[in-house]
Amino acid sequence: MSGYSALFKCRLCGETFIAAEVGGRKTAQRAALFASMGTVSEPQAPTLHDIHICENGGIGIADFLGFKERTGDE
């Protein structure tokens with residue numbers, strides 16, 4: 001069974017990381033739509049920005065990039 005990982009990228013260090021996961025494609029599409037509108041009332045929707053603690057100790061702002069499909073072998 002596949003699912004989707006919400007990817008974010010830190011503006012300070014450039015690291016891409018997973019901040020949340022959802023079940024199916026329709027849920028990911030709906031969550032991405034609500035995130036793009038800035039609506040946080042949808043429980044599955046990520047925010048457009050997150051905080052990232054960089055390896056060097058910096059504190060960066062990360063941007064929501066979208067959902068990437070993951071499969072059972074990942």
Side-chain angles (χ1 to χ4, degrees):
M1 181 177 155
S2 67
Y4 289 81
S5 301
L7 297 178
F8 284 77
K9 184 172 184 174
C10 179
R11 295 180 191 184
L12 186 61
C13 72
E15 181 181 341
T16 300
F17 61 96
I18 296 171
E21 296 183 349
V22 297
R25 178 183 294 267
K26 287 189 182 222
T27 302
Q29 287 174 330
R30 183 176 171 92
L33 176 63
F34 277 99
S36 70
M37 295 186 307
T39 306
V40 293
S41 62
E42 175 70 22
Q44 300 291 331
T47 59
L48 288 179
H49 302 95
D50 201 355
I51 299 297
H52 181 250
I53 306 301
C54 307
E55 275 190 31
N56 66 3
I59 301 171
I61 303 295
D63 298 306
F64 173 62
L65 300 176
F67 285 95
K68 182 176 180 181
E69 186 175 20
R70 57 181 163 73
T71 59
D73 57 320
E74 290 182 42

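Atom set for the values below is all heavy atoms of this structure, side chains included, hydrogens, waters and symmetry mates excluded.
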Could you walk me through whether I53 and I59 pass the side chain to side chain contact (heavy atoms under 4.5 Å, CB included) check?
CA-CA 5 Å; I53 306 301; I59 301 171; 3.9 Å; yes
Audit row: F8, H52, ring pair (Phe, Tyr, Trp, His ring centres under 6.0 Å) steps and yes/no
CA-CA 9 Å; F8 284 77; H52 181 250; over 10 Å; no
Give me the atom names and distance for the closest heavy-atom approach of L12 to C54.
CD2-SG, 3.8 Å
Rounded at 0.5 Å granularity, tell me how far NZ in K68 sits from OG in S5.
8.5 Å
Audit row: T16, K9, side chain to side chain contact (heavy atoms under 4.5 Å, CB included) steps and yes/no:
CA-CA 4 Å; T16 300; K9 184 172 184 174; 3.8 Å; yes
If you group Ile, Leu, Val, Met, Phe, Trp and Tyr by side-chain heavy-atom gaps below 4.5 Å, do I61 and L48 land in one group?
no
Is I51 reachable from F17 through a run of hydrophobic residues whose side-chain heavy atoms are each under 4.5 Å from the next?
no
Interatomic spacing from CD in E15 to CD in E55 - rounded to 0.5 Å:
6.5 Å
Distance, nearest 0.5 Å, that separates CG of D63 from CG of L7:
12.5 Å
State the CZ-CZ distance between R25 and F67, to the nearest 0.5 angstrom.
12.5 Å
Taking every non-hydrogen atom, the tightest pair across P46 and A35
O-CB, 3.3 Å
